[in-house]
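Down below is the structure, laid out as structure tokens.
Just so it is clear: chains get the letters A, B, ... in the order the sequence lines come, proteins before strands, and each one is counted from 1.
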2 protein chains.
Amino acid sequence: MAESSRRLRPEPRYGTRPTMKDVAARAGVGLKTVSRVVNGEPGVTPDTERRVQEAIEALGFRRNDSARVLRKGRTASIGLVIEDLADPFYGPLNRAVEEVARAHGALLINGSSAEDPEREQELVLALCARRVDGLIVVPAGHDHRYLEPEIKAGVATVFVDRPAGRIDADAVLSDSFGGARAGTAHLVAHGHRRVGFIGDQSVIHTAAERLRGYRAAMADAGLVIEPGWISLGTTDPDRVREAVAAMLDAPDPVTAIFAGNNRVSVTVVRVLAGRARPVALVGFDDIELADLLDPGVTVVAQDAATLGRTAAERLFQRLDGAADAPERVVLPTRLITRGSGELPPAH
Amino acid sequence: MAESSRRLRPEPRYGTRPTMKDVAARAGVGLKTVSRVVNGEPGVTPDTERRVQEAIEALGFRRNDSARVLRKGRTASIGLVIEDLADPFYGPLNRAVEEVARAHGALLINGSSAEDPEREQELVLALCARRVDGLIVVPAGHDHRYLEPEIKAGVATVFVDRPAGRIDADAVLSDSFGGARAGTAHLVAHGHRRVGFIGDQSVIHTAAERLRGYRAAMADAGLVIEPGWISLGTTDPDRVREAVAAMLDAPDPVTAIFAGNNRVSVTVVRVLAGRARPVALVGFDDIELADLLDPGVTVVAQDAATLGRTAAERLFQRLDGAADAPERVVLPTRLITRGSGELPPAH
DNA sequence: TTGAAAGCGCTAACAC
DNA sequence: GTGTTAGCGCTTTCAA
């Protein structure tokens with residue numbers, strides 16, 4: 001029933017839309033003249049132009065960019081695939097990419113991979129089929145060879161936040177390793193010997209890098225990481241809550257925690273707020289209102305907007321013809337001390 | 001120099017891309033057979049299909065959706081114009097719209113109006129030129145008659161968060177009036193007689209509605225609002241800081257504040273944290289970590305994801321042919337008490 | 001200054 | 001089962 005009524009519905013939705021041909025007929029000029037007026041090309045008498053403009057107004061004509069794209073080759077649009085449009089970390093990145101695209105007269109098509117490699121690929125290929133001029137991708141997967149034909153065909157591609165897997169491509173990253181190392185070292189410098197690390201899934205590049213930074217800082221200080229001090233997995237609050245509890249309720253509990261990203265930090269803060277014994281905390285990524293908590297949350301901040309802007313600018317350089325070798329740009333992080341990372345060890 | 005080199009660069013970026021014709025030639029079949037295989041249409045022998053698939057693989061063929069769109073009329077994409085992609089309030093809305101679009105096989109093109117009516121119109125019309133099947137708009141302007149020809153031509157349009165201006169269109173809103181009235185009444189119920197209101201610019205529909213709710217609650221309680229208790233303007237922190245200071249440093253200061261949205265709340269919380277005398281606060285919109293502050297921030301929460309999902313579902317109903325009169329859906333808000341709104345008046 | 005014709009890559013309609 | 005033709009609405013080319 002629903003099915004058949006759906007079939008019977010008239011398909012053509014633009015059949016009613018006026019085309020340049022209609023405008024030409026109404027204005028009594030040739031098709032090409034309308035094209036000239038619409039595109040602001042020279043070589044049209046003011047009088048002719050006026051007549052064409054009137055016809056455009058009267059008919060409510062709007063150029064069909066699909067046809068234009070087909071003919072011209074360029075779509076003046078770029079695709080952005082991120083992990084989650086709802087994540088506050090990616091909001092500023094998204095906006096920064098949009099601003100650069102806008103400055104270049106391009107529209108932004110975007111979507112979430114939901115940390116699923118298949119969904120990432122599906123989305124990326126759909127964008128390629130739409131013939132976006134370029135792509136900015138926060139990769140979920142680790143094998144981007146599926147993009148090779150696309151890149152060869154001229155789709156400029158820049159990876160952001162995480163590097164591409166198994167292909168050589170531009171990437172703009174934050175210094176996850178260095179940031180985590182500095183953050184952990186900060187805790188050690190405040191007297192902590194028993195420091196836990198709660199991170200995202202280890203398949204995620206940034207998560208692995210941050211873990212590496214933590215390990216490096218511990219090694220730098222000559223500290224041996226004991227079993228149970230490291231917990232990796234999803235950022236699901238239940239998972240993180242259990243991880244924190246396990247570390248704090250162990251016979252010889254940690255006195256400080258390094259949280260691998262903003263999602264983890266938020267849950268850790270919640271758990272610690274409900275505990276009597278103070279536990280030091282440094283989190284990767286800044287969090288809104290972190291300064292107003294008691295204690296304030298010390299963080300290793302990265303600049304998502306700069307990440308996005310840099311990636312987008314690189315993309316448009318490529319679209320403007322830059323043909324140098326793919327490069328990896330690594331942006332520095334910044335340690336912001338607010339109290340939680342400066343708490344002394346409680347025994 | 002740069003200009004001329006830009007001109008000389010070879011324009012055709014897809015000329016190198018294989019087309020169905022190329023695939024057909026390579027597979028030794030007709031064009032239409034390739035089309036059938038690519039679109040999974042029936043009526044192709046397994047053997048022929050295999051040969052076509054091989055040619056597709058070998059050539060790295062990917063269907064050009066621009067051409068498909070031109071022929072079919074539908075683009076399988078929708079446009080979303082919001083105020084600011086970076087605003088944490090709109091992240092979940094954005095994501096919810098994306099999920100619905102995805103479920104319907106459509107891509108999402110989106111952009112920020114930056115609260116600028118001209119930019120909104122520019123973006124909307126660009127999306128129309130791309131022939132998006134439908135539009136979801138958080139309006140910045142108050143006159144959407146420019147959309148009339150588009151809507152007439154079949155572009156389904158749903159407004160979200162704020163209603164359209166001067167045209168009759170679907171809208172999905174939160175109950176700003178009711179929420180603000182309830183939030184203000186909550187303060188009054190806790191003994192406050194001198195309640196201030198700090199809101200966004202009054203041209204923004206939600207800001208005006210919330211102010212109206214505040215006024216209604218005060219009137220309900222028989223309270224007269226004194227000059228200086230209402231401050232409207234941008235959500236710029238400096239502006240809000242000054243507004244709070246003015247209310248608190250007046251000879252007869254307010255004992256409670258109603259904050260018109262999340263941006264305002266954050267700044268008010270910061271200011272109050274630096275003051276000795278406790279001031280009650282209820283904010284419109286929930287804020288992450290609001291529960292962990294001391295006192296926790298009492299808020300009138302709205303559900304941005306439901307707002308987005310509802311709007312997107314309405315849009316696809318329209319695209320599926322729903323032709324009933326435009327309707328306005330108003331979603332309820334929810335008062336979440338956490339402490340700041342329950343503080344008694346300090347004299 | 002203006003316009004007619006060709007064609008971008010695909011799908012719809014209708015052959016065979 | 002398969003192929004041929006026309007044409008979506010625009011830009012490009014070239015002639016007038």
Side-chain angles (χ1 to χ4, degrees), chain A residues 7 10-52 55-56 59-76 128-131 153-154, chain B residues 7 10-52 55-56 59-76 128-131 153-154:
Chain A
R7 261 208 201 97
E11 275 282 335
R13 301 185 53 250
Y14 310 125
T16 65
R17 274 196 174 267
T19 69
M20 281 192 182
K21 198 173 153 192
D22 301 324
V23 175
R26 169 142 188 156
V29 300
L31 180 57
K32 179 60 201 177
T33 300
V34 177
S35 175
R36 287 199 180 92
V37 171
V38 169
N39 296 299
E41 286 168 28
V44 182
T45 13
D47 182 60
T48 315
E49 171 159 5
R50 193 184 40 71
R51 269 166 43 229
V52 171
I56 288 175
L59 263 36
F61 168 81
R62 191 96 53 204
R63 181 180 66 197
N64 183 335
D65 279 352
S66 296
R68 173 168 226 253
V69 158
L70 180 57
R71 191 62 240 238
K72 294 202 74 122
R74 285 219 179 195
T75 57
C128 289
R130 296 295 169 105
R131 296 293 189 268
Chain B
R7 261 210 202 97
E11 275 283 334
R13 302 187 51 250
Y14 311 126
T16 65
R17 274 196 173 266
T19 69
M20 282 192 180
K21 199 172 153 193
D22 300 324
V23 175
R26 170 143 189 156
V29 301
L31 179 58
K32 180 61 199 177
T33 301
V34 178
S35 174
R36 287 198 180 92
V37 171
V38 169
N39 295 300
E41 286 168 29
V44 181
T45 1
D47 182 59
T48 316
E49 171 159 4
R50 193 184 40 69
R51 269 167 43 228
V52 171
I56 288 175
L59 263 35
F61 168 81
R62 191 96 52 205
R63 181 181 66 197
N64 184 334
D65 279 353
S66 296
R68 174 169 226 255
V69 158
L70 181 58
R71 189 64 240 234
K72 297 202 73 127
R74 285 219 180 196
T75 56
C128 290
R130 297 295 169 106
R131 295 296 187 267

Closest to the [X] side chain, choosing from [options]:
| X | options | result |
| --- | --- | --- |
| A:Val29 | C:dT11, D:dT11, C:dG3 | C:dG3 |
| B:Asn39 | C:dT11, C:dC8, D:dC10 | C:dT11 |
| B:Lys32 | C:dC10, C:dT11, D:dC10 | C:dT11 |
| B:Thr45 | D:dT2, D:dC10, D:dG9 | D:dT2 |
| B:Arg71 | C:dT2, D:dT2, D:dG7 | D:dG7 |

Specify the separation, in whole Å, of atom [atom1] of [X] and atom [atom2] of [N].
| X | N | atom1 | atom2 | value |
| --- | --- | --- | --- | --- |
| B:Arg74 | D:dC8 | CZ | C1' | 16 Å |
| B:Arg51 | D:dG1 | CZ | P | 15 Å |
| B:Leu31 | D:dG3 | CG | C1' | 9 Å |
| B:Arg63 | C:dC10 | CZ | P | 9 Å |
| A:Met20 | D:dG7 | CE | C1' | 17 Å |
| B:Asp65 | C:dC10 | CG | P | 9 Å |
| B:Lys21 | C:dT11 | NZ | P | 16 Å |
| A:Lys72 | D:dT13 | NZ | C1' | 14 Å |

Presence of donor-acceptor pair under 3.5 Å, side chain of A:Arg36 and base of C:dT1: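 Per atom types, no contact qualifies.
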Under 3.5 Å donor-acceptor pair, A:Arg131 side-chain atoms to C:dG9 base atoms: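 Per atom types, no contact qualifies.
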side-chain contact (heavy atoms from CB on, under 4.5 Å) partner of A:Arg36, chosen from A:Val29, A:Val52, A:Val44: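 Checked A:Val29, A:Val52, A:Val44 against A:Arg36; only one passes side-chain contact (heavy atoms from CB on, under 4.5 Å): A:Val44.
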Trace of the side-chain contact (heavy atoms from CB on, under 4.5 Å) decision for B:Arg68 with B:Val38: CA-CA 12 Å; B:Arg68 174 169 226 255; B:Val38 169; over 6 Å; no
Pair B:Asn64-B:Arg17, side-chain contact (heavy atoms from CB on, under 4.5 Å): steps then yes or no: CA-CA 9 Å; B:Asn64 184 334; B:Arg17 274 196 173 266; over 6 Å; no
Any A:Thr33 side-chain N or O less than 4.0 Å from OP1/OP2 of C:dG3: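 Looking at the OP1 and OP2 atoms of C:dG3, one of them is under 4.0 Å from a side-chain N or O of A:Thr33.
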Under-4.0 Å side-chain N/O to phosphate OP1/OP2 contact, A:Ser35 with D:dC10: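 Checking A:Ser35 against D:dC10: no side-chain N or O falls below 4.0 Å of OP1 or OP2.
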Sub-4.5 Å side-chain heavy-atom contact between A:Pro46 and A:Glu49: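 Sidechains of A:Glu49 and A:Pro46: no contact.
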Closest-nucleotide 5' rank along DNA chain D - winner of B:Leu70 and A:Glu41: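 Residue closer to the 5' terminus by nearest nucleotide: B:Leu70.
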A:Arg63 vs A:Asn39, side-chain contact (heavy atoms from CB on, under 4.5 Å): CA-CA, chis, key distance, verdict: CA-CA 9 Å; A:Arg63 181 180 66 197; A:Asn39 296 299; 2.4 Å; yes
Touch class at under 4.0 angstrom, heavy-atom based, for B:Thr48 against every strand present: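 If one applies the 4.0 Å heavy-atom cut-off, B:Thr48 turns out to touch the sugar-phosphate alone, with no base involved.
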